[in-house]
Amino acid sequence: MEKFIVNGGRPLAGTVRIGGSKNAVLPVMAAALLTGEKCVIRGVPRLSDVAAMEDILESLGASVKWDKRAGVITIAADGRLLPEASYELVSRLRASFQITGPLLARTGSVKIPMPGGCAIGTRPVDLHLKGLAALGAEIEQEHGFVRAKARRLEGAKIYLDFPSVGATENIVMAAVLARGQTVLENSAVEPEIVDLANFLNSAGADIRGAGTDTIKVNGVKELRATDHTIIPDRIEAGTFMVAAAVTGGDVTLTNVVCDHLKPVIAKLKEANVSVSETAKGLRVCGAKGGAAVASDIKTLPYPGFPTDMQAQFMALLATARGTSIVTETVFENRFMHVGELKRMGADIKIDSRSAVLEGVGRLMGAQVRATDLRAGAALVLAALGASGATEIDDIYHIDRGYCQLDQKLQSLGADIRRVNDGA
Ligand code: EPZ
């Protein structure tokens, strides 16, 4: 087991390049199952979640070649595909449920384990299944598995009760090869949905309206080979922006889409952090003359404030001047980092879905544990701004979604080391 040792208190400075988006590349990899032709995916970040998806696609019979240095994955699902995924592989990452729509559309049947709950909530898949059923799939759930069957899916009008990112992706992927038109209302509008639609359209799909709350998919007979570059990771970018803010540093981010970061930029500015677009990239300078100021946050589906940035912002607000209220509306249990931040001296009270933070000026290093990906990132940020040394355990969570976070932070002047537990 590896851990991070962070000696805090150094303002970060320099330039950092943001990688491709984890939450865009995973569904795009699943979507490659929709065609027997070669799909080249560029800008792929080196993450353990991408490796887990690679294993799943290979177990289904697809050929996957990942050139890690170049950040390019080539997928060819050209042989007979096994329409069944194993519990061992699927339980490694929830995004693996995104193979359901493509496998069903391509092979006419799929058997996949129900994804369980995780550290941030119960995370049901009822909306995915309702959508696939509306497209004509027969769905059964037994012994912890979902079985779906359909000779050919039929386009349908579907209204999502909640704009779920995963359900929108699964339904759109299934609808691409369905007969006729699918209209998906109250769909998610996240940039990752637009990236998936762009990938599919470049392979011959007919999807309109991605990025709005009504997506129309006109089914096509088949998809063809394509070459697609993944969008930059807006959550990795947001995390580095908070790293600059929390250390009072001066960091420029390259390979970012500022439009995707609007809610994060707005809240950083409200907290007295300077954010500006320069010729080199997006420049973030920590609050002048001391800590940031308090700011209230409510997580919402895009274009609201992202739930995937909530924990990292808490690391900043824990030291800001004044009282902040952070409300989590997307997931029911995404405050696991609070107990760990309190170990570092934060003053946070949770009342149902809200957390009240009294800024304490400075946190203190402590021994803490990453409970999930973003909670882990929040602890790294808290440690960078804290006085003294922090030891962060279970950093495998962080490696799921951040490529070489420690090395990138070191290049900005952070004192962070990765050590083996035994060392
Ligand atoms: C995606 O998860 C992301 N994961 C998450 O990233 C992100 O937090 C989330 O979207 C919200 O932005 C990937 O893209 C791989 P949802 P997803 O379906 O698709 C409820 C990270 O840290 N819901 O939009 O699972 C659900 O329980 C992560 O990178 C149902 O009730 O999110 C939740 O409360 C973790 N029924 C809410 O909707 C369903 O069938 C939003 O979930 C589906 C979802």
Side-chain angles (χ1 to χ4, degrees), residues 19-31 45 47-50 52-53 56 90 92-101 114-134 139 141 146 158-173 184 186-196 213 230-231 233-239 260 263-264 299-313 328-337 353 370-378 397-403 405:
S21 160
K22 166 181 86 81
N23 289 344
V25 75
L26 296 173
V28 164
M29 287 174 75
L47 303 172
S48 59
D49 268 9
V50 174
M53 190 59 118
I56 290 164
V90 167
R92 279 167 63 191
L93 90 159
R94 289 190 55 90
S96 58
F97 202 72
Q98 303 311 81
I99 64 174
T100 311
M114 286 286 289
C118 72
I120 61 176
T122 52
R123 303 184 77 182
V125 286
D126 54 318
L127 300 174
H128 301 234
L129 299 182
K130 265 189 187 165
L132 297 178
I139 298 193
Q141 290 181 49
V146 175
I158 302 167
Y159 179 87
L160 283 181
D161 298 338
F162 181 88
S164 151
V165 174
T168 300
E169 291 167 349
N170 241 335
I171 295 166
V172 166
M173 289 189 281
L184 183 60
N186 199 27
S187 55
V189 300
E190 269 69 1
E192 293 76 19
I193 304 279
V194 179
D195 202 37
L196 175 64
D213 63 3
I230 293 295
I231 53 170
D233 195 310
R234 62 193 166 103
I235 306 302
E236 188 195 6
T239 303
H260 296 170
V264 172
T299 67
L300 286 168
Y302 191 83
F305 188 88
T307 171
D308 293 346
M309 280 302 301
Q310 179 256 101
Q312 300 90 313
F313 251 72
E328 172 60 55
T329 76
V330 179
F331 289 105
E332 72 270 24
N333 183 27
R334 212 174 191 180
F335 283 139
M336 298 284 278
H337 43 285
R353 287 199 155 196
T371 50
D372 69 75
L373 167 59
R374 308 302 172 190
H397 286 294
I398 299 173
D399 293 331
R400 294 184 63 167
Y402 291 91
C403 173
L405 181 63

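Numbering of ligands and ligand atoms starts at 1, following listing order.
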Taking distance alone, with no angle check, do [X] and ligand 1 share an N/O pair under 3.5 Å?
{"X": "E332", "result": "no"}
{"X": "R94", "result": "no"}
{"X": "S164", "result": "yes"}
{"X": "E169", "result": "no"}
{"X": "I120", "result": "no"}
{"X": "E190", "result": "no"}
{"X": "P163", "result": "no"}
{"X": "P124", "result": "yes"}
{"X": "V165", "result": "yes"}

Indicate yes or no: at least one non-hydrogen side-chain atom of [X] is less than 4.5 angstrom from one of [Y].
{"X": "R400", "Y": "L93", "answer": "yes"}
{"X": "L196", "Y": "V28", "answer": "yes"}
{"X": "I235", "Y": "Y402", "answer": "yes"}
{"X": "K22", "Y": "D233", "answer": "yes"}
{"X": "V90", "Y": "P115", "answer": "no"}
{"X": "L129", "Y": "Q141", "answer": "yes"}
{"X": "P306", "Y": "R234", "answer": "yes"}

Any idea which part of R334 is under 4.0 Å from ligand 1, heavy-atom wise: side chain, backbone, both or neither?
-> side chain
[atom]: the protein heavy-atom neighbour that sits closest, reported with distance to 0.1 Å:
{"atom": "atom 11 (C) of ligand 1", "result": "T307 CG2, 3.9 Å"}
{"atom": "atom 32 (O) of ligand 1", "result": "F331 CZ, 4.0 Å"}
{"atom": "atom 40 (O) of ligand 1", "result": "L127 N, 2.7 Å"}
{"atom": "atom 5 (C) of ligand 1", "result": "D308 OD2, 3.8 Å"}
{"atom": "atom 36 (N) of ligand 1", "result": "D126 OD1, 2.7 Å"}
{"atom": "atom 29 (O) of ligand 1", "result": "R374 NH2, 2.7 Å"}

Going by atom type alone, with no hydrogens or angles, which donor-acceptor pairs under 3.5 Å involve a side-chain atom of residues 159-166 and a protein atom two or more places apart or on another chain?
| from | atom 1 | to | atom 2 | distance (Å) |
| --- | --- | --- | --- | --- |
| D161 | OD2 | K130 | NZ | 2.9 |
| S164 | OG | G166 | N | 3.4 |
| S164 | OG | A167 | N | 2.9 |

Closest non-hydrogen atom pair between [X] and [Y], with its separation:
{"X": "I56", "Y": "S96", "result": "CD1-CB, 3.2 Å"}
{"X": "L47", "Y": "C403", "result": "CD2-N, 3.4 Å"}
{"X": "I398", "Y": "L373", "result": "O-CD1, 3.6 Å"}
{"X": "Q98", "Y": "M173", "result": "O-CE, 3.3 Å"}

What atoms of ligand 1 come closer than 4.0 angstrom to any heavy atom of [X]?
{"X": "K22", "answer": "21 (C), 29 (O)"}
{"X": "A95", "answer": "15 (C)"}
{"X": "F162", "answer": "37 (C), 38 (O), 41 (C)"}
{"X": "G166", "answer": "18 (O), 19 (O)"}

Test log, rule side chain to side chain contact (heavy atoms under 4.5 Å, CB included), inputs I231 and V194 | CA-CA 10 Å; I231 53 170; V194 179; over 6 Å; no
Is ligand 1 less than 4.0 angstrom away from at least one heavy atom of [X]?
{"X": "G401", "result": "no"}
{"X": "Q98", "result": "no"}
{"X": "R123", "result": "yes"}
{"X": "M53", "result": "no"}

For atom 34 (O) of ligand 1, which candidate among L373, N23, V330 provides the closest heavy atom?
->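 Looking at heavy atoms only, the winner is V330.
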For T239 and M309, what are the C-alpha separation, side-chain angles and deciding distance, and is it a side chain to side chain contact (heavy atoms under 4.5 Å, CB included)?
-> CA-CA 7 Å; T239 303; M309 280 302 301; 4.0 Å; yes
Could I get the full list of salt bridge (charged side-chain N to carboxylate O under 4.0 Å, His left out) partners for D308, not counting sequence neighbours?
->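 With sequence neighbours excluded, D308 shows a salt bridge (charged side-chain N to carboxylate O under 4.0 Å, His left out) to R334, given in chain and number order.
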Protein heavy atom under 4.0 angstrom of atom 20 (C) of ligand 1, is there one?
->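 When distances to the protein are checked, atom 20 (C) of ligand 1 has no heavy atom within 4.0 Å.
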